**Q** 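Questions regarding the structure given below will be posed in turn.
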Amino acid sequence: MAGRAFRVSFSSSRSRTPSSPPHATTDQPHKPALTATHPAMPKIRTSRTKAPPEGFAEVEPQLLEFERKMREAEDDKAEGKRKAEAGWPIFRLHHQRSRYVFELYYKRRAISKLLYDYLVKQGYADANLIAKWRKNGYENLCCLRCVQPADTNHGRMCICRVPKSEMAENKVVECYHCGCRGCCG
């Protein structure tokens with residue numbers, strides 16, 4: 001970063017985002033974008049949307065059950081819970097739904113590539129999380145936030161990624177982001 005000047009002006013109503021070049025300004029304040037770490041609900045099918053591929057009827061009841069549970073988790077009151085704890089059931093259901101699609105396609109080979117792509121595109125499964133599950137060491141990963149060093153206090157992996165053999169005995173480990181109690185094994 002040597003040689004770069006960084007100018008900050010408090011008198012202007014225009015703001016510049018940290019990732020934008022020095023000459024770029026915006027009239028709107030910076031809004032965080034929806035990323036892969038935020039679970040998204042599946043898209044709503046209408047008469048104008050493309051019909052689902054063959055085999056969707058077999059997996060639809062389970063996906064609807066996940067959607068029903070997700071709505072219940074979103075409607076639950078967060079009284080008496082920390083701010084982060086309120087989202088834990090949603091993260092767990094998002095993981096279960098993605099894991100269900102992953103198991104159907106990669107483990108049991110019960111669905112076609114076309115149906116798998118449709119489910120990912122419609123938001124029933126998280127493609128980034130599934131891509132991590134296919135890598136060595138990440139087979140049981142709970143969520144993507146646990147492997148993003150920027151989301152932790154000290155710039156390291158989440159506490160739930162530490163193997164249980166390296167943890168102190170009788171110590172309960174609970175991830176701040178998703179409530180996982182150790183997905184590393």
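Because the structure is a prediction, the values reported are computed rather than measured. By convention here, the first residue in the shown sequence is residue 1.
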**Q** Would you say OH of Y176 has more than 12 non-hydrogen atoms from neighbouring residues, nucleotides or ligands within 6.0 angstrom?
**A** no
**Q** So, does R92 use its side chain to make a donor-acceptor pair with the main chain of G179 at under 3.5 Å?
**A** yes
**Q** Do L64 and E60 pass the side-chain contact (heavy atoms from CB on, under 4.5 Å) test, and can you show the C-alpha distance, the side-chain angles, and the key distance before you say yes or no?
**A** CA-CA 6 Å; L64 290 174; E60 188 175 26; 3.9 Å; yes
**Q** Which pair of heavy atoms, one from I111 and one from L119, lies closest together, and at what distance?
**A**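 In this case the closest contact between I111 and L119 is CD1-CD1, 4.2 Å.
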**Q** Could you tell me which residues satisfy ring pair (Phe, Tyr, Trp, His ring centres under 6.0 Å) with H177, sequence neighbours excluded, listed by chain and number?
**A** none
**Q** Is it true that a side-chain atom of W133 and a backbone atom of L141 form a donor plus acceptor pair closer than 3.5 Å?
**A**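 Yes, the answer is positive, given that a donor and an acceptor are paired below the 3.5 Å cut-off.
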**Q** Show the nearest heavy-atom pair for residues L129 and S98, with the distance to one decimal.
**A** CD2-CB, 4.4 Å
**Q** Less than 4.0 angstrom from a charged side-chain N to a carboxylate O is my criterion; do K69 and E72 meet it?
**A**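 No salt bridge links K69 with E72.
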**Q** Between atom NE2 of H95 and atom CG of L144, what is the distance when rounded to the nearest 0.5 Å?
**A** 10.0 Å
**Q** The criterion is side chain to side chain contact (heavy atoms under 4.5 Å, CB included); which residues satisfy it with E85, sequence neighbours excluded?
**A**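 For E85 the side chain to side chain contact (heavy atoms under 4.5 Å, CB included) partners, ignoring immediate neighbours, are K81, R82, W88.
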**Q** Does D117 pair with K113 as a salt bridge, N-O distance under 4.0 Å?
**A** yes
**Q** Are R71 and E74 close enough, and set up right, to give a salt bridge (Lys or Arg N to Asp or Glu O under 4.0 Å), and what steps lead you there?
**A** CA-CA 5 Å; R71 289 185 193 279; E74 288 173 348; 5.4 Å; no
**Q** Testing the basics here: between C183 and R161, what is the closest heavy-atom pair and its distance to 0.1 Å?
**A**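 Heavy-atom minimum between the residues: SG-NH1, 3.5 Å.
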**Q** Between atom CZ of R99 and atom CZ of F102, what is the distance when rounded to the nearest 0.5 Å?
**A**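 Answer rounded to 0.5 Å: 5.0 Å.
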**Q** Considering the options C175, C178, C142, C180, which one meets the side chain to side chain contact (heavy atoms under 4.5 Å, CB included) requirement together with F91?
**A** C178
**Q** Would the distance check show the side chain of E139 and the main-chain N or O of G137 forming a donor-acceptor pair, the cut-off being under 3.5 Å?
**A** yes
**Q** For the backbone of E174 and the side chain of R181, can you confirm whether one donor and one acceptor N or O come within less than 3.5 Å of each other?
**A** no
**Q** With rounding to the nearest 0.5 angstrom, report the CZ to OH distance, R97 to Y124.
**A** 8.5 Å
**Q** How far apart are the closest heavy atoms of M70 and H94, and which atoms are they?
**A** CE-N, 3.9 Å
**Q** Counting heavy atoms not belonging to E54, are there more than 12 under 6.0 Å from its CD?
**A** no
**Q** Distance check, rounded to the nearest 0.5 Å: L93 atom CG versus E65 atom CD?
**A**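 Here the rounded value is 10.0 Å.
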**Q** Taking only residues two or more places apart in sequence or in another chain, which ones pass ring pair (Phe, Tyr, Trp, His ring centres under 6.0 Å) with Y116?
**A** Y105, Y106
**Q** Does R134, at its CZ atom, have more than 12 non-hydrogen atoms belonging to other residues, nucleotides or ligands within less than 6.0 Å?
**A**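 Atom CZ in R134 is not packed in, count stays at 12 or less.
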